[in-house]
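Down below is the structure, laid out as structure tokens.
In what follows, every heavy atom counts, from backbone to side chain, and hydrogens, waters and symmetry copies are set aside. Each chain gets a letter, A, B and so on, in the order the sequences are listed, and its residues count up from 1.
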Protein chains: 2
Amino acid sequence: MPSIDENKRKAILKAALELFSEYGFHNAPMARLADQANVGVGSVYRYFKDKNTLIETLYEEVDEALQMAIIDGVDPTHSTRKQFLHLIINLTCFLKDHPHEFKFLEQYYHSPFGIEKKREKLLLEKISDRQNPFMKLFFEGSRKEIKSLPVPLLHALAFGPVLFLLRDAMAGLVKLDEAMIIQLADGCWDAIRNRVDS
Amino acid sequence: MPSIDENKRKAILKAALELFSEYGFHNAPMARLADQANVGVGSVYRYFKDKNTLIETLYEEVDEALQMAIIDGVDPTHSTRKQFLHLIINLTCFLKDHPHEFKFLEQYYHSPFGIEKKREKLLLEKISDRQNPFMKLFFEGSRKEIKSLPVPLLHALAFGPVLFLLRDAMAGLVKLDEAMIIQLADGCWDAIRNRVDS
DNA sequence: TCTTGCGGAATGAACGTTCCGTCAAAGGTA
DNA sequence: TACCTTTGACGGAACGTTCATTCCGCAAGA
């Protein structure tokens with residue numbers, strides 16, 4: 001019977017996420033991966049054409065989950081500031097609670113295909129900015145509340161601190177509690193908000 | 001003559017920096033490296049015990065140069081804000097003008113030994129904070145000007161945006177001009193400064 | 001002649017991928 | 001129901017490649 005066992009597929013992806021995030025793409029041999037998924041090496045190649053395809057597929061899945069988590073519970077009727085803080089907190093909490101996903105994404109974006117992917121995304125966003133919840137905020141009627149800066153700079157000021165702090169947290173250098181996450185989000189907001197006075 | 005040719009050593013380190021930053025540690029074979037340095041493969045092992053040692057040595061050199069560049073021209077008699085902006089601008093400009101060094105460091109810190117190194121550094125800094133120019137600012141008499149936050153959070157708010165934006169710049173997604181670097185530094189300062197009013 | 005730095009061929013390990021024998025289950029036949 | 005045939009998923013041995021590292025003969029200086 002030509003069939004694909006969905007459970008097996010999931011098991012392979014799960015093992016891949018764990019091993020890639022823990023040891024890196026280059027130090028997670030397919031043999032070990034198959035082992036951890038309780039599957040023969042050959043079987044992995046029944047589900048995924050090769051290692052690169054496996055990585056790409058995993059990226060799609062992880063990114064999808066992240067996007068969902070980010071917009072969870074954000075209310076478009078709230079103030080720009082409230083929405084922004086909510087988005088940043090969602091982002092931070094998700095990545096903090098899913099260290100495997102975070103480490104995998106970090107690695108992916110720092111690898112050859114990651115850079116390519118980022119370039120693609122950027123070009124697509126030029127066309128459909130409005131898909132991205134942050135883009136919406138940066139543009140929609142918030143012109144007076146948010147500094148008038150190039151978008152990549154706003155991105156950097158908003159996300160840079162989040163990623164930096166998460167890296168330290170993952171390395172065990174900081175304990176990220178709720179209070180600190182809120183202070184983080186406030187800091188990001190201060191960096192991009194238009195200041196009323198001096 | 002039992003001698004070490006300093007020129008050859010430099011040539012190997014230079015080739016290593018270029019190849020590692022361009023292709024990554026794993027895709028820069030020692031053979032190619034030796035080739036680019038106009039040196040036999042065997043000779044490389046005369047100067048460096050193995051590939052890991054080469055990477056570590058290169059890191060020490062690059063880090064040294066970076067530290068020097070960061071504090072260049074910073075005047076301790078200036079205001080905290082001025083000093084901070086100066087440090088951030090130095091950091092950004094150096095990394096922007098030395099893409100090989102930037103990519104190498106990024107890769108280093110995202111690799112297994114990088115994390116170890118970071119942990120080491122953090123422990124050392126607990127003892128000799130005052131070595132780090134940013135630490136000085138965060139503590140010395142600036143208590144009123146800078147938010148009272150955990151040090152790792154201040155770090156994240158100050159450096160996160162710089163690294164994020166530089167990554168985009170390296171990938172060719174943004175053109176980083178002087179004006180943008182100043183806006184970046186201002187944003188970082190806004191993120192950590194104590195606000196006088198609302 | 002003796003020493004020693006040097007280069008590159010040789011070595012061995014690690015890995016991604018392929019290939020093939022095995023086996024369980026589906027389906028056909030009586 | 002009982003038996004035989006066919007199918008294709010499966011695992012892992014085997015292959016070929018790539019690479020870090022070693023080893024050895026050579027050549028240049030003392």
Side-chain angles (χ1 to χ4, degrees), chain A residues 1-60 103-104 107-108 110-114 116, chain B residues 1-60 103-104 107-108 110-114 116:
Chain A
M1 298 292 96
S3 75
I4 37 170
D5 182 341
E6 194 55 30
N7 286 339
K8 206 158 283 194
R9 214 187 91 100
K10 292 274 185 217
I12 294 171
L13 284 170
K14 183 162 174 285
L17 178 62
E18 290 168 7
L19 289 181
F20 287 158
S21 67
E22 188 148 1
Y23 301 104
F25 299 151
H26 291 286
N27 294 311
M30 292 300 259
R32 175 121 77 124
L33 196 155
D35 208 44
Q36 175 138 348
N38 276 315
V39 152
V41 188
S43 305
V44 175
Y45 286 84
R46 183 167 312 284
Y47 292 88
F48 304 95
K49 187 176 141 287
D50 53 24
K51 196 174 184 178
N52 282 356
T53 308
L54 175 56
I55 293 174
E56 291 289 358
T57 308
L58 188 53
Y59 167 75
E60 302 294 344
K103 286 183 192 164
F104 172 78
Q107 205 171 138
Y108 180 85
H110 284 82
S111 70
F113 20 48
E116 197 46 41
Chain B
M1 296 287 96
S3 77
I4 37 172
D5 182 341
E6 194 56 29
N7 286 339
K8 207 159 280 193
R9 213 188 92 101
K10 291 277 185 216
I12 295 171
L13 284 170
K14 183 163 173 286
L17 178 62
E18 288 167 10
L19 290 181
F20 287 159
S21 67
E22 188 147 2
Y23 302 104
F25 299 151
H26 291 286
N27 295 311
M30 293 298 262
R32 191 150 164 204
L33 195 154
D35 209 42
Q36 175 136 348
N38 277 314
V39 152
V41 189
S43 305
V44 176
Y45 286 85
R46 183 167 312 281
Y47 291 88
F48 304 95
K49 188 175 138 284
D50 52 25
K51 196 173 184 178
N52 283 357
T53 309
L54 175 56
I55 294 174
E56 292 289 359
T57 308
L58 189 52
Y59 167 75
E60 302 294 346
K103 286 183 191 163
F104 172 80
Q107 205 173 136
Y108 180 84
H110 284 82
S111 70
F113 20 48
E116 196 46 41

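- A side chain to side chain donor-acceptor pair (under 3.5 Å) check over residues 24-36 of chain A, counting only residues at least two apart or in different chains, returns the pairs A:Glu18-A:Gln36.
- Distance CZ (B:Phe48) to P (D:dT21): 13 Å, rounded to an integer number of Å.
- Note on ring orientation: taking the six-membered ring where Trp is involved, the planes of B:Phe104 and B:Phe20 are parallel (angle under 30°, cut-offs 30° and 60°).
- One can place CD1 of B:Ile12 at 9 Å from P of C:dG7, the figure rounded to the nearest angstrom.
- Contact of the A:Leu13 side chain with the A:Tyr47 side chain is not registered, since no non-hydrogen atoms from C-beta on lie closer than 4.5 Å.
- The distance between atom CG of A:Asp35 and atom P of D:dC10, rounded to the nearest whole Å, is 16 Å.
- The structure places NE2 of B:His110 at 9.5 Å from CD of A:Gln107, a figure rounded to the nearest 0.5 Å.
- As rounded to whole Å, 18 Å separates atom C1' of D:dC10 from atom CZ of A:Arg9.
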- Message: What does the B/S/- profile of nucleotides 16-21 of chain C look like, 5' to 3', with a 4.0 Å heavy-atom cutoff to protein?
- Response: SBB---
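- Residue A:Ser43 places at least one side-chain N or O under 4.0 Å from the OP1 or OP2 atom of D:dG11.
- For B:Asn27 and D:dC19, the CG to P distance is 7 Å, given to the nearest whole Å.
- Counting to the nearest Å, the C1' atom of D:dG8 and the OH atom of A:Tyr47 are 12 Å from each other.
- In this structure, A:Lys8 reaches the D:dC10 phosphate: one of its side-chain N or O atoms is under 4.0 Å from OP1 or OP2.
- Side chains of B:Glu56 and B:Tyr108: a donor on one and an acceptor on the other come within 3.5 Å.
- Residues satisfying the side chain to side chain contact (heavy atoms under 4.5 Å, CB included) test with B:Ser43, not counting sequence neighbours, are B:Val39.
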